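For ligands, and for the atoms within them, numbers begin at 1 and follow the listed sequence. Remember, predicted model here, so these are calculated numbers, not experimental data.
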Amino acid sequence: MPRIPVMINGLPGNVASTLIPHLLADETFFLVPASLTGPGTHIKTFHNDHFSFDLIRPSERDSRIKALLSEYEGLIAIDYTHPSAVNTNAIFYAAQGIPFVMGTTGGDRDALLKTVSDSAICAVIAPNMAKQIVGFQAMMAYAASNFPGLFEGYSLRIQESHQAGKADTSGTAKAMVSHFNALGIPFTVDGIEMERDPEEQKKTWRIPAEHIQGHAWHTYTLSSPDDSVCFRFTHNINGRDIYAKGTLDAVRFLKRRMNETCRGRVFSMIDVLGG
Ligand SMILES: NC(=O)C1=CN([C@@H]2O[C@H](COP(=O)(O)OP(=O)(O)OC[C@H]3O[C@@H](n4cnc5c(N)ncnc54)[C@H](OP(=O)(O)O)[C@@H]3O)[C@@H](O)[C@H]2O)C=CC1
Ligand SMILES: O=C(O)C1=N[C@H](C(=O)O)C[C@H](O)C1
């Protein structure tokens with residue numbers, strides 16, 4: 001089987017950089033030596049221990065993409081960029097016929113789905129690529145559709161802590177809100193409590209010092225009206241390696257769907273888990 005050419009967009013960002021060794025170590029993939037980067041990035045190349053990438057700013061991408069697409073036929077993009085870039089990047093991929101895995105959170109999610117469904121490509125879009133968290137999301141989706149109103153009357157607290165540089169409220173936490181709504185709890189995403197203060201993260205949350213710059217801690221607490229019952233769901237991720245495996249699975253999944261001539265479809269990570 002020929003290798004799948006993969007373009008990691010969002011270098012030199014944190015998650016995009018974390019993916020490099022995982023892609024290089026897997027013989028399914030061929031790493032494209034170029035990456036879409038932000039308008040404020042002034043370096044022209046990004047090197048890590050084993051590889052060097054041309055960084056392409058938004059103003060340059062239209063003139064650069066044709067050559068890349070003819071050299072790396074069947075290219076699939078992985079996007080870990082910035083919430084402000086989600087929609088413009090998706091429009092770019094769709095216009096260029098590039099199937100993509102969108103890990104980036106934020107933006108206008110309805111418009112994002114429409115961009116893909118109106119296009120000739122498919123995409124995997126998910127605010128969390130960590131397979132075990134996706135499994136938890138699938139359990140919540142199952143409960144929401146099979147036991148509507150199960151937690152009626154309960155109150156809900158959603159707390160999340162991420163590195164100070166994170167631009168938006170956790171996309172994972174936001175996605176969970178709809179499941180809790182279906183379970184009978186009126187809650188809006190404005191109610192999500194965000195922690196971005198490194199001092200609080202160390203003192204109150206007890207997040208290890210070495211992960212203050214890269215962590216994703218989430219807790220969902222449900223309390224009965226008289227406080228006699230409490231349910232608490234917690235997933236605490238240190239570092240970013242956990243996202244790599246799911247992302248690579250998503251690329252493989254997407255390649256299979258495109259080979260089956262599937263077009264204009266959006267898949268979630270729950271679809272990817274199911275194969
Ligand atoms: N789905 C998942 O499992 C996960 C999703 N995420 C999400 O991924 C995204 C990236 O996270 P993280 O790596 O920590 O963020 P970083 O800020 O570390 O990296 C983002 C990178 O994207 C670049 N960028 C900005 N605008 C554009 C653009 N228009 N086109 C291409 N690149 C651009 C930035 O450049 P510059 O600095 O110049 O702006 C930066 O290099 C976030 O939305 C985060 O929530 C994170 C972890 C897991
Ligand atoms: O920015 C991050 O770091 C993460 N972003 C995603 C989110 O917004 O939910 C996934 C994970 O929480 C890490």
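Among the candidates Arg196, Lys166, Lys174, the single residue satisfying the salt bridge (Lys or Arg N to Asp or Glu O under 4.0 Å) test with Glu160 is Arg196. Applying the side-chain contact (heavy atoms from CB on, under 4.5 Å) test between Leu183 and each of Leu156, Leu150, Leu222 identifies Leu150 as the sole match. Each of Val124, Asp26, Ile78 was evaluated against Val251; a single residue qualifies, Ile78, per the side-chain contact (heavy atoms from CB on, under 4.5 Å) test.
Of all protein heavy atoms, the one lying nearest to atom 9 (O) of ligand 2 is Thr172 OG1, 2.5 Å. For atom 11 (C) of ligand 2, the closest heavy atom belonging to the protein is Tyr243 OH, 3.4 Å. The nearest protein atom to atom 6 (C) of ligand 2, hydrogens excluded, is given as Pro127 O, 3.5 Å; this is a heavy-atom distance.
For ligand 1, the polar-atom distance check against Ala126 finds a nitrogen or oxygen pair separated by under 3.5 Å. For ligand 2, none of its N or O atoms has an N or O atom of Ala216 under 3.5 Å away.
Atom 17 (O) of ligand 1 is never approached by the protein to below 4.0 angstrom, counting heavy atoms only.
For Gly171, the closest heavy-atom approach to ligand 1 does not fall below 4.0 Å. Residue Met102 places every heavy atom at 4.0 Å or more from ligand 1. Heavy atoms of Pro127 come nearer than 4.0 angstrom to ligand 1 in at least one pair. Taking 4.0 Å as the cut-off, Glu160 does not count as a neighbour of ligand 2 on heavy-atom distance. Residue contacts with ligand 2: Arg240 is excluded, as none of its non-hydrogen atoms falls under 4.0 Å.
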task = Under the ring pair (Phe, Tyr, Trp, His ring centres under 6.0 Å) rule, what do Phe151 and Phe231 come out as? Steps first, then yes or no, please.
result = CA-CA 10 Å; Phe151 282 95; Phe231 286 81; 5.3 Å; yes
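By the criterion of a heavy-atom distance under 4.0 Å, neither the backbone nor the side chain of Ala167 is placed next to ligand 1.
Hydrophobic clustering of Ile, Leu, Val, Met, Phe, Trp and Tyr side chains at less than 4.5 Å, counting indirect connections, keeps Phe267 apart from Tyr142.
Between Lys131 and Asp249 there is a salt bridge, since at least one side-chain N of the basic residue sits less than 4.0 Å from a carboxylate O of the acidic one.
Taking each of His162, Gln163, Lys166 in turn, the one with a heavy atom nearest to atom 8 (O) of ligand 2 proves to be Lys166. Of the options Asn89, Thr41, Leu11, the smallest heavy-atom separation from atom 38 (O) of ligand 1 is shown by Thr41.
Put simply, the side chain of Thr81 reaches to within 4.5 Å of the side chain of Asn89, judged on heavy atoms.
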